[in-house]
2 protein chains.
Amino acid sequence: MTDINRPKPLSPTTAATGPLSGSGRDRGRPLKTGNPLFLREEELRQAIEMLFYAYRDFTGEPDRILADRGLGRAHHRVIYFVGRYPGMSVSDLLNILKITKQSLSRVLSQLVTEGYIRQDQGTVDRRQRLLTLTDKGQELERLLTETQRKLIARAFRAVGPEAVEGFREVMLGIMSSDEDRARFGTRAE
Amino acid sequence: MTDINRPKPLSPTTAATGPLSGSGRDRGRPLKTGNPLFLREEELRQAIEMLFYAYRDFTGEPDRILADRGLGRAHHRVIYFVGRYPGMSVSDLLNILKITKQSLSRVLSQLVTEGYIRQDQGTVDRRQRLLTLTDKGQELERLLTETQRKLIARAFRAVGPEAVEGFREVMLGIMSSDEDRARFGTRAE
DNA sequence: TGTTTATGTCAGTCATATTGACATATATGC
DNA sequence: GCATATATGTCAATATGACTGACATAAACA
């Protein structure tokens, strides 16, 4: 049967699919002999799924708040980063988000039009439009970030500082660019 | 010097932006007196950003592979979970993805039409369409999952088992439903 | 037999992203 | 000062992924 190596059943409705293999211990066959347990296929798959579930839930509540105002997740990202780095330029933002300027344009213009973000001409380089949150923008930013911060804080508090440090290390390892890793420079510990 | 706690400048082009004041708020100050360091606003913000950067990079390479075949991230998720739980029903999948059946429909029909996924009538409950990957689907699933598994494995290997355990704990803490947490049953530690 | 469930579909809409082409103002190097 | 490069913006077309609402069918269940 194809279902020997399966994770546990999903729901009563699929009970038919099987009591299948209990905890699926052996799906975690080593990728190579001698690989430590935490690098087995099963553990790696779990990590993939954890990222999916956690990210989905992490963005869920902000998405709802934004939807009430006719905004989406893309607006959130812009508001977040402009709040984080006030006075950043458009190209800085593009560099972080890694989307095209046309994509950013629609979102950003909307935020400017609706009074969440202000654009000021740069003084050193007058081609630049430096971005800052208006009061209205800050208010929304706080609302959204509060939501996510509480979620993270709750998780952090529940697991303690060592687990948090492990989380940080793994996240840094997943990022593909040194530039991004550098944003989390060696912190006071 | 309100910018004490400000993240470092983003790029040479905004160096001028540096001492930009402002809305700094209490960034970095404890949320409440007595809160441990890892629960300070700055640390929580970093976690928010890490999730963004890590998720963005985590999905980047699969997105490119999929784009070559005219597929998107939504197809990836379907292929992934059908590969993970072969014989799952449509409602199981909806339950995991937490999208509407109409949204799933377009993606799933396309995958069936293009021969990545097979739908078989359930034997116990004949209303159900049980989903499995075809050979073609398995091939793509392996290609995509391999990519992500390698990324995770590299990160895991670099940081070691304790950090990985910390990562797991935090991710579980971020998930909002016990049902999802239960997918990662208490493992041998 | 009547109701609920699992699935599917039609239609309309919105948000987010893409590519490509082109425009303007400013900076910078020779 | 002129040529080129950079920062930003805009128009147009297109794809993808999500939503709501309405309705349809088959099978299970009470």
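Below, chain A is the first sequence line, B the second, and so on; all start at residue 1.
Mapping B:Ser103 and A:Arg129 onto DNA chain D by nearest heavy atom places A:Arg129 at the nucleotide closer to the 5' end. Nearest-nucleotide positions on DNA chain C place B:Val90 closer to the 5' end than the other of A:Gln121 and B:Val90.
Note that the CD atom of B:Gln46 and the CD1 atom of A:Ile152 stand 12.0 Å from one another [nearest 0.5 Å]. A distance of 9.5 Å separates CD of B:Glu146 from CG of A:Leu44, quoted to the nearest 0.5 Å. Considering OG1 of B:Thr134 and CG of B:Leu111, their distance stands at 9.5 Å, rounded to 0.5 Å. We find the NE2-CG distance between A:His76 and A:Leu144 to be 4.5 Å, quoted to the nearest 0.5 Å.
Atom CD1 of B:Ile99 is separated from atom C1' of D:dT20 by 14 Å (rounded to the nearest Å). Summarising the geometry, the separation between CG on A:Leu111 and P on C:dA15 is reported as 12 Å, rounded to the nearest angstrom. Per the geometry, CD1 belonging to A:Ile79 stands 14 Å off P belonging to C:dA15, to the nearest Å. One atom, CZ of A:Arg56, and another, P of D:dA18, lie 12 Å apart when rounded to the nearest Å. In this structure, the CG atom of A:Leu93 is 14 Å from the P atom of D:dA7, given to the nearest Å. What separates CZ of B:Phe52 from C1' of C:dT16 is a distance of 13 Å, to the nearest Å. Spacing between atom NE2 of B:His76 and atom P of D:dG17 amounts to 12 Å, rounded to whole angstrom units. Whole-Å rounding puts the A:Gln128 CD to D:dG9 C1' distance at 15 Å.
For the side-chain hydrogen bond (donor to acceptor under 3.5 Å, both in side chains) test, no residue two or more places apart in sequence or in another chain qualifies with A:Gln148. Applying the side chain to side chain contact (heavy atoms under 4.5 Å, CB included) test to A:Thr145 and every residue at least two apart in sequence or in another chain returns A:Tyr80, A:Glu141, A:Arg149, B:Arg45, B:Ile48. In this structure, A:Lys98 has no salt bridge (charged side-chain N to carboxylate O under 4.0 Å, His left out) partners at least two apart in sequence or on a different chain. Residues satisfying the side chain to side chain contact (heavy atoms under 4.5 Å, CB included) criterion with A:Thr100, sequence neighbours excluded, are A:Gln102, A:Ser103. For A:Arg154, the side chain to side chain contact (heavy atoms under 4.5 Å, CB included) test picks out A:Leu151, with sequence neighbours left out. Scored by the side chain to side chain contact (heavy atoms under 4.5 Å, CB included) test, B:Ser109 finds B:Ser105 as partners (sequence neighbours excluded).
Phosphate contact (OP1/OP2 of D:dT16, side-chain N/O of B:His75, threshold under 4.0 Å): absent. At the phosphate of C:dT7, OP1 or OP2 sits under 4.0 Å from a side-chain N or O atom of B:Ser91. For D:dG9, the OP1/OP2 oxygens have a side-chain nitrogen or oxygen of A:Gln119 closer than 4.0 Å. Listed pair B:Thr100 / D:dT20 fails the phosphate criterion, with no side-chain N or O lying under 4.0 Å from OP1 or OP2.
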Return the polar atom pairs (N/O with N/O) between nucleotides 27-30 of chain C and the protein under 3.5 Å, or none.
{"unit_1": "C:dA27", "atom_1": "OP1", "unit_2": "A:Arg126", "atom_2": "N", "d": "2.9"}

Which atom pairs link the protein and nucleotides 21-23 of chain C when you take only N or O atoms and keep those under 3.5 Å?
{"unit_1": "C:dA21", "atom_1": "N6", "unit_2": "A:Gln102", "atom_2": "NE2", "d": "3.4"}

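Pairs passing the ring pair (Phe, Tyr, Trp, His ring centres under 6.0 Å) check and including a residue from residues 122-157 of chain B, sequence neighbours excluded, read B:Phe156-B:Phe167. The ring pair (Phe, Tyr, Trp, His ring centres under 6.0 Å) contacts involving residues 117-144 of chain B comprise nothing, where partners must be two or more places apart or lie in separate chains.
Side-chain atoms of A:Gln121 come within 3.5 Å of backbone atoms of A:Arg126 as a donor-acceptor pair (strictly under, hydrogens ignored).
Contacts between residues 62-74 of chain B and DNA chain D, defined by a heavy-atom separation below 4.0 Å, involve B:Gly70, B:Gly72, B:Arg73, B:Ala74, listed by number.
The bend of the helix from C:dT1-D:dA30 to C:dC30-D:dG1, defined by the angle between the axes of its first five and last five pairs, stands at 30° to the nearest 10°.
Just one of A:Phe52, A:Tyr55, A:Phe58 meets the ring pair (Phe, Tyr, Trp, His ring centres under 6.0 Å) condition when paired with B:Tyr55; it is A:Tyr55.
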